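Down below is the structure, laid out as structure tokens.
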Amino acid sequence: MTLNRDRSILVKLDVPGKKEVFRILSASGVNVGEHLLCVEELPNRSWDVTFKTVELKRNFFPEVNRMIGATVVSYGDKIKTVNVLHVPFGQDDNVIRFILGRYGKVIRGRFLTFPEYPEVFNGIRQYQIELEKDIPSALHLGGRYCWIRYYGQPRTCLKCNSNEHFARNCTETTCFRCKQLGHVEKDCKADISCSTCKKTGHGEFDCPLSFGNRAKPTSSVWGGGSCRRRVTGSCP
């Protein structure tokens with residue numbers, strides 16, 4: 001039996017607390033008594049919010065989604081909130097958006113902060129993407145493997161991106177020079193390959209797209225759009 005969640009959204013708070021979730025809902029125009037059927041607390045500062053009708057959810061989701069202080073996901077929606085972990089802080093955000101753009105349209109993104117220190121970034125970048133295909137559990141970004149997480153994501157191996165096993169059972173070797181499986185860098189005979197632009201002849205740190213304009217975030221507010229054309233003339 002399929003679980004019907006057409007009336008529900010997932011709200012993850014930057015700051016924990018029941019008062020905070022109701023503050024955000026009320027500030028979005030939601031009348032708790034008239035519009036909502038259930039507000040259920042989940043682990044990790046998350047809340048399931050169920051509206052009385054699909055139409056109410058459709059009307060209020062954009063308003064709740066615009067609120068500062070929460071990340072909102074509509075169950076079953078093609079637009080996914082994607083968390084990217086372990087990206088070097090100095091990595092230009094346009095490059096990350098450029099790479100994620102291979103999997104769909106990047107709508108907006110932000111740098112997350114610590115709830116107790118809202119001016120200090122915690123190293124997690126978050127994007128809302130209209131997905132056209134699923135993103136692997138790990139991508140090579142800024143010279144290291146970074147983890148990708150979003151609701152409904154098919155889990156893949158963090159080492160080789162296979163969907164048939166996980167990293168603890170992986171026997172593949174990966175070459176960090178040509179990015180192919182089956183050998184290591186010291187045995188590689190191929191040209192060096194860049195995981196950012198997918199061209200050969202240079203690595204990530206020498207790529208025209210990488211570190212050309214370093215990210216200088218000033219807040220955790222959402223910033224719209226995919227990569228900017230001042231970084232590359234071939235943005236998706």
Side-chain angles (χ1 to χ4, degrees), residues 1-14 40-50 57-58 61-62 64-65 70-89 91 93-113 121-172 174 179 181 195-196 198 204 220 222-227 236:
M1 186 176 181
T2 303
L3 181 64
N4 189 336
R5 314 203 73 173
D6 291 345
R7 293 179 291 172
S8 299
I9 61 175
L10 176 67
V11 179
K12 185 165 185 179
L13 303 174
D14 293 349
E40 180 182 2
E41 186 173 9
L42 304 174
N44 301 318
R45 305 194 309 274
S46 298
W47 296 76
D48 257 352
V49 177
T50 303
K57 175 208 165 173
R58 189 179 299 119
F61 171 69
V64 182
N65 196 31
T71 301
V72 186
V73 175
S74 176
Y75 290 110
D77 203 327
K78 282 183 65 178
I79 297 177
K80 299 292 185 180
T81 299
V82 178
N83 290 324
V84 183
L85 292 72
H86 313 311
V87 179
F89 179 73
Q91 174 65 63
D93 201 49
N94 289 337
V95 174
I96 308 303
R97 293 170 186 240
F98 176 80
I99 294 172
L100 292 175
R102 296 171 183 152
Y103 301 92
K105 180 182 178 181
V106 180
I107 298 171
R108 57 183 186 168
R110 63 175 180 168
F111 290 67
L112 298 190
T113 63
F121 300 103
N122 65 11
I124 300 174
R125 305 193 194 191
Q126 191 173 78
Y127 306 88
Q128 289 194 328
I129 304 175
E130 186 174 345
L131 283 185
E132 297 170 0
K133 58 182 179 179
D134 282 308
I135 310 174
S137 297
L139 292 174
H140 203 258
L141 305 169
R144 68 171 68 152
Y145 277 98
C146 302
W147 294 359
I148 313 296
R149 298 288 184 270
Y150 59 90
Y151 178 80
Q153 178 188 30
R155 189 175 169 189
T156 61
C157 175
L158 294 173
K159 294 173 65 178
C160 71
N161 284 332
S162 170
N163 58 7
E164 297 180 355
H165 62 263
F166 301 137
R168 64 178 176 272
N169 300 318
C170 185
T171 59
E172 292 283 3
T174 303
K179 310 301 186 292
L181 301 176
S195 60
T196 299
K198 298 295 185 182
E204 292 84 356
S220 59
W222 289 105
S226 56
C227 65

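FYI, side chains are in, hydrogens and waters are out, and symmetry mates aren't considered; it's all heavy atoms of this structure. Just so you know, these numbers come straight off a predicted model, no measurement behind them.
Residues satisfying the side-chain hydrogen bond (donor to acceptor under 3.5 Å, both in side chains) criterion with His86, sequence neighbours excluded, are absent altogether. In terms of the side-chain hydrogen bond (donor to acceptor under 3.5 Å, both in side chains) criterion, residue partners of Thr50 (sequence neighbours excluded) are, by chain and number, Ser8. Every side chain to side chain contact (heavy atoms under 4.5 Å, CB included) that Asp48 has, sequence neighbours left out, goes to Arg5, Leu10, Glu40, Leu42, Tyr75. With sequence neighbours excluded, the residues that form a side-chain hydrogen bond (donor to acceptor under 3.5 Å, both in side chains) with Lys57 are Ser74. When the side-chain hydrogen bond (donor to acceptor under 3.5 Å, both in side chains) test is applied to Asp134, the partners found at least two apart in sequence or on another chain are Tyr150. For Glu130, the side chain to side chain contact (heavy atoms under 4.5 Å, CB included) partners are Lys78, Ile79, Lys105, Ile107, not counting sequence neighbours.
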Criterion side chain to side chain donor-acceptor pair (under 3.5 Å) on Arg110 and Thr71, from CA distance to verdict
CA-CA 11 Å; Arg110 63 175 180 168; Thr71 301; 2.6 Å; yes
Begin from the C-alpha positions of Lys12 and Thr81 and carry the test side chain to side chain contact (heavy atoms under 4.5 Å, CB included) through to its verdict.
CA-CA 11 Å; Lys12 185 165 185 179; Thr81 299; over 6 Å; no
Could you go through Tyr145 and Leu158, starting from their C-alpha distance and side-chain angles, then the distance that decides it, and tell me whether this counts as side chain to side chain contact (heavy atoms under 4.5 Å, CB included)?
CA-CA 8 Å; Tyr145 277 98; Leu158 294 173; over 6 Å; no
I'd like to know whether Leu139 forms a side chain to side chain contact (heavy atoms under 4.5 Å, CB included) with Val84, so could you lay out the CA-CA distance, the side-chain angles of the two residues, the decisive distance to 0.1 Å, and finally the verdict.
CA-CA 9 Å; Leu139 292 174; Val84 183; over 6 Å; no
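When each of Asn83, Val87, Thr113 is checked for a side-chain contact (heavy atoms from CB on, under 4.5 Å) with Ile124, only Asn83 meets the rule.
Closest approach of Arg125 to Phe89, counting heavy atoms only: NH2-O, 3.3 Å. Nearest heavy atom pair, residue Gln153 against residue Ile148, reads OE1-O, 3.0 Å. Closest approach of Tyr127 and Gly109 over heavy atoms only: CD2-CA, 3.7 Å. Minimum interatomic distance between Leu85 and Arg149 (heavy atoms only, all atoms of both residues): CD1-CG, 4.2 Å. Shown here for Tyr151 and Lys80, the closest heavy-atom pair between the two residues is O-NZ, 3.4 Å. Taking every heavy atom of both residues into account, Ser137 and Pro154 meet most closely at OG-O, 4.1 Å.
A side-chain donor-acceptor contact under 3.5 Å links Ser46 to the backbone of Asn44.
Taken from CD1 in Ile135 to CD in Glu132, the straight-line distance is 11.0 Å, to the nearest 0.5 Å. How far CD1 of Ile129 is from CZ of Arg97: 9.5 Å, rounded to the nearest 0.5 Å.
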